**Q** 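This structure is in structure tokens; I'll ask about it shortly.
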Protein chains: 2
Amino acid sequence: MPAPRKSAASTRERLLRAAECCFTEHGYEGSSLRQITQLANVNLAAVNYHFSSKRELWLEMMERRLAPLNVERVRRLEVLRAHTPAGQPLPLEQLCEAVILPIAKAFDNRRGSCVTAARMVGRAISVPPSLSRELNRRSLDQFWGIFRASLRAALPESSPVEVDWKFYFLMSSMLGALAWQGRQAGLERQMKNENLEPMLRRLSTFIAGGLQASLPAEGKRKAKVRG
Amino acid sequence: MPAPRKSAASTRERLLRAAECCFTEHGYEGSSLRQITQLANVNLAAVNYHFSSKRELWLEMMERRLAPLNVERVRRLEVLRAHTPAGQPLPLEQLCEAVILPIAKAFDNRRGSCVTAARMVGRAISVPPSLSRELNRRSLDQFWGIFRASLRAALPESSPVEVDWKFYFLMSSMLGALAWQGRQAGLERQMKNENLEPMLRRLSTFIAGGLQASLPAEGKRKAKVRG
DNA sequence: GAGTATTTCAAATGGTTGTTTAAAACAATT
DNA sequence: AATTGTTTTAAACAACCATTTGAAATACTC
């Protein structure tokens, strides 16, 4: 049984990198295998050899990035839980940071920008439903189950359906902010590589504030941030 | 000069309606003119006759919906400004509602669901950049200028760049929540037609909380926003 | 170094895309 | 009724799409 050729992994890798770039820039349906293989400097048929289809290329590309990202998220959630006294609710802002901040680190920064990588996460919001569902099954369901439990622990006074709404707003806000990438707001300049983590911190603060705001226990109208 | 044929407007209208449906469901690149014309029961060439291209069809479809939406938003902002004593900052939550709530009403509800229409707005987040830029130029720039001024008036203690960030999070959160439509969170059921306005109210509260949260005036936990 | 499994490659498959064309059908005016 | 301008139609256009094929090239084992 011959070992795989030296450049084989390189072809696969180049393909994945090119796919990240194209899919992020032009979306799933907007990127052709011809564009991707040309950018990767490999033959067109390589996609169907190394992966079996365009669909699978996209899924593997996403999986590869999301897996370590989710590991880090879960690690942070566990640390947070360990540092919170029993009976105390988990601190909301740090909970948000546990989900959002790892995005800045989890991506390989050597080639391609972090910003592209972050936008890649956001792109998942606009992919065909069939792909979205499959990605969910492979790479998100497990993490989301864990995270939802943490969110319940951070919001002990909210009803389950209330928590679901907050969960939804947290996720969709995060994806929206990542997908949009400062366009239309004159912030493209602020969202370059070196500024990604500060931006994610701002985002965490924003989302934590939103989660806190709609707490039924608090007197809603004006004192919405914190008691 | 002969008057336009009776069914001419009808063809255009049917095309626009079908376009809303297809583009919302499958995205811009994912919808073909053949799908759209078939759904509209018109000839394929009708698209290039009534509009000049697929691109223009999408732009006109969006423009038609966004124009009255923005009129209503501006109207609400003016009412809000008129009801706020001079020197007082505009109330944040009502500011958010002025931008978000009109989405539930501005769309023609007779045919097609409101939810579809709302998702259509969210879809703008995932359209090719060239389209996004053109839509911006035609239908959003003017409103955004007005709204940004209102947001500054609601956040008198925030710096301009700080306001830009909040503006960005407000917009991207709104688009993200609309685009995602309860998928992945088991809330599809909650987001049917009759529930759209309550959902938009929740969203307003969430976003208003986020805007409030990062106020530099408030003694934040780590004081990361500003010294 | 012969043999073998793996990887690349150019070419072609069958299908779809947005757009164009030129003729036909239509409505209104003269 | 003839003319005019508008709208619809079927057909064709050229370009591109994802995927497959089978042979050539490569790297590894024995």
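Letters go in sequence order (proteins before strands), and every chain restarts at 1. Computed from a predicted model, the values in this text were never measured in an experiment. No hydrogens, no waters, no symmetry mates; every other heavy atom, side chains included, goes into these values.
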**Q** What is the distance, to the nearest angstrom, from the CD atom on A/E29 to the C1' atom on D/dA18?
**A**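 Going from CD in A/E29 over to C1' in D/dA18 covers 13 Å.
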**Q** Within the pair A/N43 and C/dT7, is there a side-chain N or O less than 4.0 Å away from OP1 or OP2?
**A**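 False: A/N43 side-chain N/O out of range (4.0 Å or more) of C/dT7 OP1/OP2.
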**Q** Rounded off to whole Å, could you give me the CZ-to-P distance for the B/R14 and D/dT7 pair?
**A**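 Rounding to the nearest Å, CZ of B/R14 and P of D/dT7 are 14 Å apart.
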**Q** Can you measure B/I36 atom CD1 to C/dT17 atom C1' for me and round it to whole angstrom units?
**A**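 Checked: the CD1 to C1' distance equals 12 Å.
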**Q** Can a side chain N or O of B/S32 be found less than 4.0 Å away from OP1 or OP2 on C/dT17?
**A**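 Affirmative; the distance criterion is met.
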**Q** What is the distance from CZ of B/R34 to C1' of C/dG18, rounded to the nearest Å?
**A**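 So the two atoms are 7 Å apart, to the nearest Å.
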**Q** Mind checking whether A/M61 and A/F51 have side chains closer than 4.5 Å, heavy atoms only?
**A**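 A/M61 vs A/F51: side chains apart.
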**Q** Side-chain N or O of A/T11 less than 4.0 angstrom from OP1 or OP2 on C/dT8?
**A**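 So the side chain of A/T11 is within the cut-off, an N or O lying under 4.0 Å from OP1 or OP2 of C/dT8.
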**Q** Would you say that A/S173 contacts B/F206 through its side chain, given a criterion of any heavy-atom pair below 4.5 Å between the two side chains?
**A**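 Yes. Closest side-chain heavy atoms under 4.5 Å.
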**Q** Output the single nucleotide from D/dT19, C/dC9, C/dT17 whose closest atom is nearest the side chain of A/L33.
**A**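 So the side chain of A/L33 is nearest to D/dT19.
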**Q** Under the 3.5 angstrom rule, does the side chain of B/R73 hit a backbone N or O of B/A98 as a donor-acceptor pair?
**A**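 No, because the side chain of B/R73 does not come within donor-acceptor range (under 3.5 Å) of the backbone of B/A98.
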**Q** I need the CG-P distance between B/L15 and D/dT7, as an integer number of Å.
**A**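 Roughly 14 Å, once rounded to whole Å.
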**Q** If I take atom CD in residue A/Q38 and atom P in nucleotide C/dC9, what distance separates them, rounded to the nearest angstrom?
**A**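 These atoms are roughly 14 Å apart.
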**Q** Hey, which sits more toward the 5' end of DNA chain C by its nearest nucleotide, A/L44 or B/R55?
**A**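 First, find each residue's nearest nucleotide; the 5'-ward one identifies A/L44.
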**Q** If you check the B/Y49 side chain, which of C/dG18, D/dT7, D/dC17 turns out closest?
**A**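 The answer is D/dT7.
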**Q** Heavy atoms under 4.0 Å, any strand shown: does B/S31 hit a base, just sugar-phosphate, or nothing?
**A**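 The residue B/S31 makes sugar-phosphate contact but no base contact.
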**Q** Counting side-chain heavy atoms from CB outward, which of C/dG18, C/dC9, D/dA10 is closest to A/A45?
**A**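 Nearest to the side-chain atoms of A/A45, counting from C-beta on, is C/dC9.
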**Q** Calculate the interatomic distance between A/F51 atom CZ and D/dT19 atom P; express it in whole Å.
**A**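 To the nearest whole Å, that distance equals 13 Å.
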**Q** Would you tell me if any nitrogen or oxygen in the side chain of B/H50 comes within less than 4.0 Å of OP1 or OP2 on D/dT6?
**A**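 Checking B/H50 against D/dT6: no side-chain N or O falls below 4.0 Å of OP1 or OP2.
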**Q** Just so I know, are the side chains of A/F147 and A/M171 near enough to count as touching, which here means a heavy-atom distance under 4.5 Å?
**A**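 Of all side-chain heavy-atom pairs linking A/M171 with A/F147, at least one is under 4.5 Å.
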**Q** I'd like to check A/Y49 versus A/T11 (side-chain heavy atoms, cut-off strictly below 4.5 Å). Are they in contact?
**A**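 No, side chains not in contact.
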**Q** Send over the distance from A/N48 CG to D/dC17 C1', rounded to a whole Å.
**A**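 For the pair A/N48 CG and D/dC17 C1', the rounded distance is 12 Å.
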